[in-house]
Asker: 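Okay, handing you the structure first.
The model shown is predicted, which means the values in this text are computed figures rather than measured ones. The chains referred to below are lettered A, B, ... by the order of the sequence lines, with proteins before strands, and numbering in each begins at 1.
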2 protein chains.
Amino acid sequence: MVTAKDVAKRAGVSQATVSYVMSGSRPISEATKKRVREAMDELGYVPNINARSLAGGKVGVIGVLVRMDENTDLAELRPFLVVIMEEARKRGSSVMLVPADEGIEGLRRMARQGLVDGVLVFDIEWHDDRLEGIADLKIPVVLIGTTENSYGLPCIDVDYRRVAQLAVNRLVEEGAHKIAVIGDWGRSSDRFAFSKLFGSEARVVAQVLGVGFELFIPPERGWRGIWAVKDILLDIAKCHGGVAVRTPHALQSLLELCVELGIRPGKDFYLVAVYVDGFEDTLRIPVDNIDPVPDLVSRQAVAMLFDQIDGQVVTGSRFVAPRITVRS
Amino acid sequence: MVTAKDVAKRAGVSQATVSYVMSGSRPISEATKKRVREAMDELGYVPNINARSLAGGKVGVIGVLVRMDENTDLAELRPFLVVIMEEARKRGSSVMLVPADEGIEGLRRMARQGLVDGVLVFDIEWHDDRLEGIADLKIPVVLIGTTENSYGLPCIDVDYRRVAQLAVNRLVEEGAHKIAVIGDWGRSSDRFAFSKLFGSEARVVAQVLGVGFELFIPPERGWRGIWAVKDILLDIAKCHGGVAVRTPHALQSLLELCVELGIRPGKDFYLVAVYVDGFEDTLRIPVDNIDPVPDLVSRQAVAMLFDQIDGQVVTGSRFVAPRITVRS
DNA sequence: CTGTTAGCGCCTTCAT
DNA sequence: ATGAAGGCGCTAACAG
């Protein structure tokens with residue numbers, strides 16, 4: 001293993017200087033810097049993370065706390081993860097996935113062990129009993145999601161209220177006098193802010209605009225869940241109303257249901273869905289979508305996390321504006 | 001932070017003894033062991049991974065190398081990840097996700113840095129130019145997948161040939177005289193062993209049984225990809241043939257296509273698909289499936305990895321038997 | 001601007 | 001069966 005000592009010897013400087021060249025926490029003459037850098041390259045030097053961390057530096061790893069249970073759709077997580085890894089790498093860090101199923105214990109271990117510099121927490125619930133414990137850990141944290149009480153932890157999320165507004169407005173614009181919102185199976189409105197805020201805000205907007213409103217949450221995933229929507233859908237189709245769908249999966253099932261029932265989306269009723277741009281490629285027909293911009297959310301989350309890791313104090317909640325695209 | 005020194009003081013022993021109690025690499029009297037263990041519990045001691053690693057011990061982290069590009073379906077990865085994390089935790093280790101997109105560089109860094117004790121590699125290609133480099137790293141590795149030349153690295157995978165046999169046999173059993181295999185979009189037969197072996201084996205079995213055979217790989221994902229299957233499907237339906245589908249996604253699209261074309265799976269033709277047990281809940285109709293047993297594969301992969309980490313030499317390829325379930 | 005030095009927490013070889 | 005002591009590779013004072 002090539003160590004900083006080897007590099008130092010080769011560059012004709014002290015080991016400490018090598019360290020300072022890397023951290024930049026002390027002025028070093030350009031000439032020395034250059035010699036050290038060359039020596040590092042020539043030897044293929046890679047600093048040992050464990051030694052660095054032990055000596056008080058950063059670990060170069062951020063943790064991502066994710067639920068892995070049956071109700072979690074990892075596919076929805078992908079756009080987040082991709083950006084998080086990209087941004088982390090830009091800052092010289094790696095990403096570690098931490099399963100949230102063992103509650104806060106796993107996180108606590110990691111923090112104590114010194115495995116991570118900070119943590120991004122996904123799947124925040126509206127009433128989330130893990131948060132107090134997480135706040136106690138006193139390590140850099142960013143919550144991705146919305147919660148009632150964040151215990152002073154910084155949060156970031158897409159602006160769900162705005163998502164709802166865009167959806168309802170779009171449907172009404174198209175001429176719907178009555179709309180239905182299809183929510184998120186397995187994530188009841190009470191537990192997760194998305195469903196909660198999305199649903200309630202949609203209801204408010206609908207009321208303001210004077211159109212009929214109904215919120216429906218499929219009791220289970222897939223076909224059986226969407227089948228329960230049948231009556232509502234028929235009802236909406238009868239009066240040329242509108243439907244807003246919360247998840248890509250539900251959308252797909254809904255489209256299948258439409259074929260089965262002989263109802264034509266875009267003709268018999270108006271349709272808007274929440275899904276990430278690009279997903280439209282897989283659909284049989286064009287569907288207007290509101291992109292919850294996981295890329296922007298992640299990018300900013302990582303930035304907030306590293307700000308903390310670098311010693312800044314970050315607090316408060318931020319909301320990122322979603323993006324609507326008309327495709328019909 | 002509670003250190004081994006603190007524990008030692010409280011237990012009235014030396015710090016070295018605390019260390020030996022943990023590693024078990026030296027005989028310690030039961031009485032001392034007990035006192036030390038109690039002290040650890042009372043103080044909530046968690047050994048510092050970085051110090052341990054620096055001093056030559058294990059890190060307690062295994063890496064999972066995964067592709068994160070557009071063609072990768074993270075949802076398919078979930079059943080693997082869940083089990084890997086579970087098994088890793090049983091052995092006191094955490095799991096780190098490593099994006100494979102930067103080629104082997106990321107892995108090389110991690111290995112040199114001392115971030116992981118070993119690595120599981122996913123998405124192995126038939127001709128995979130990363131493998132030689134990985135073998136050179138000389139760290140514990142298990143490949144999950146099948147490849148032409150594994151450079152001596154141990155591999156594990158579901159037995160794809162057996163998957164193909166089960167699928168074709170089932171269809172022929174049902175009475176099909178002609179069958180079509182719908183492959184994996186974005187993963188051309190040449191690159192990935194699954195498509196390669198699955199397709200070729202299915203062809204062989206079909207030949208042996210004397211039934212017509214056609215292999216089709218959708219040119220893209222989703223509806224547009226499956227639409228290209230239309231003619232084949234109509235053809236198969238005309239003669240009451242059979243269709244074997246490689247991915248859950250393709251299956252879903254295919255079912256949609258059936259509704260659109262007015263073809264009834266199970267009546268107009270026989271259908272078998274490769275998907276994990278449990279997925280049937282989301283389907284409109286029952287479809288016979290062959291479970292590629294990601295749970296069994298992962299469990300064994302982790303076992304093989306830890307055997308290496310513990311100093312054993314592990315080589316060769318293993319194949320796990322898939323499981324067919326008749327649901328129609 | 002640079003070198004010297006003292007740890008960080010743990011494992012392990014010597015001693016006893 | 002246990003202690004004492006020397007690193008592992010790096011960071012961050014402390015000295016010039």
Asker: Between D:dT11 and A:Ser23, is there an OP1 or OP2 to side-chain N/O distance shorter than 4.0 Å?
Answerer: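 Looking at the OP1 and OP2 atoms of D:dT11, neither is under 4.0 Å from any side-chain N or O of A:Ser23.
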Asker: What is the distance, rounded to the nearest whole Å, between atom CD of B:Glu30 and atom P of D:dT2?
Answerer: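 It works out to 10 Å between those atoms.
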Asker: With the threshold set at 4.0 Å, does a side-chain nitrogen-carboxylate oxygen contact exist between A:Asp277 and A:Arg323?
Answerer: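 A:Arg323 and A:Asp277: salt-bridged.
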Asker: Roughly how many Å is it from CG in A:Leu115 to P in C:dC10, rounded to a whole number?
Answerer: 13 Å
Asker: Closest-nucleotide mapping onto DNA chain C: is A:Val13 or B:Ile49 further toward the 5' terminus? I mean the 5' end.
Answerer: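 It is A:Val13 whose nearest nucleotide is closer to the 5' end.
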Asker: Is B:Arg37 paired with B:Glu30 through a side-chain N to carboxylate O contact shorter than 4.0 Å?
Answerer: no
Asker: Could you give the CD1-to-P distance, from A:Ile28 to D:dA12, as a whole number of Å?
Answerer: 13 Å
Asker: Taking atom P of C:dT12 as reference, at what distance in whole Å does atom CE of B:Met22 sit?
Answerer: 11 Å
Asker: What closest approach, in Å, do A:Arg35 and A:Val13 show between heavy atoms, and which atom pair accounts for it?
Answerer: NH2-CG1, 3.6 Å
Asker: Should B:Thr17 be listed as having a side-chain N or O under 4.0 Å from OP1 or OP2 of D:dT2?
Answerer: no
Asker: Identify the pairs formed between an N or O of the protein and an N or O of nucleotides 14-16 of chain D at a distance under 3.5 Å, and give each distance.
Answerer:
from	atom 1	to	atom 2	distance (Å)
D:dC14	N4	A:Arg26	NH2	3.2

Asker: Is the shortest side-chain heavy-atom distance between A:Val302 and A:Glu86 below 4.5 Å?
Answerer: no
Asker: Is the backbone N or O of B:Thr3 less than 3.5 Å from a side-chain atom of B:Asp6, with the two atoms forming a donor-acceptor pair by type?
Answerer: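 Between the backbone of B:Thr3 and the side chain of B:Asp6 there is a qualifying donor-acceptor contact (under 3.5 Å).
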Asker: Judged by atom type as modelled, is there a donor-acceptor pair below 3.5 Å linking the side chain of A:Asn50 to the main-chain atoms of B:Ser53?
Answerer: no
Asker: Under a 3.5 Å cutoff, is there a donor and acceptor pairing between the side chains of B:Ser150 and B:Thr147?
Answerer: no
Asker: Name the closest nucleotide to the A:Thr32 side chain, picking from C:dC10, D:dC10, C:dC1.
Answerer: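 Out of C:dC10, D:dC10, C:dC1, the nucleotide with an atom closest to A:Thr32's side chain is C:dC1.
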Asker: List every contact pair, protein side and nucleotides 5-8 of chain D side both N or O, where the distance is under 3.5 Å.
Answerer:
from	atom 1	to	atom 2	distance (Å)
D:dC8	O2	B:Leu54	O	3.3
D:dC8	O2	B:Ala55	N	3.4

Asker: Starting at atom CG of A:Asn50, determine the distance to atom C1' of D:dT11, rounded to an integer number of angstrom.
Answerer: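 Atom-to-atom, A:Asn50 to D:dT11, this comes out as 14 Å.
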Asker: Could you state the atom-to-atom distance from NZ of A:Lys58 to C1' of C:dC8 in whole Å?
Answerer: 14 Å
Asker: If I compare all heavy atoms of B:Gln308 with all of B:Val141, which pair ends up nearest, and what's the gap?
Answerer: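 Taking B:Gln308 first and B:Val141 second, the nearest heavy atoms are NE2-O, 2.8 Å.
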Asker: Minimum heavy-atom separation for A:Leu115 to A:Met96, with atom names?
Answerer: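 Scanning both residues, the minimum pair turns out to be CD1-CE, 4.0 Å.
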Asker: How close or far is atom C1' of C:dC1 from atom NZ of A:Lys34, stated in whole angstroms?
Answerer: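 To the nearest whole Å, that distance equals 18 Å.
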Asker: With a cut-off of less than 4.0 Å, is there a side-chain N or O of B:Ser19 near OP1 or OP2 of C:dT12?
Answerer: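 No, B:Ser19 has no side-chain N/O under 4.0 Å of OP1/OP2 on C:dT12.
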Asker: It should be established whether B:Arg52 places a side-chain nitrogen or oxygen under 4.0 Å from OP1 or OP2 of nucleotide C:dC11.
Answerer: yes
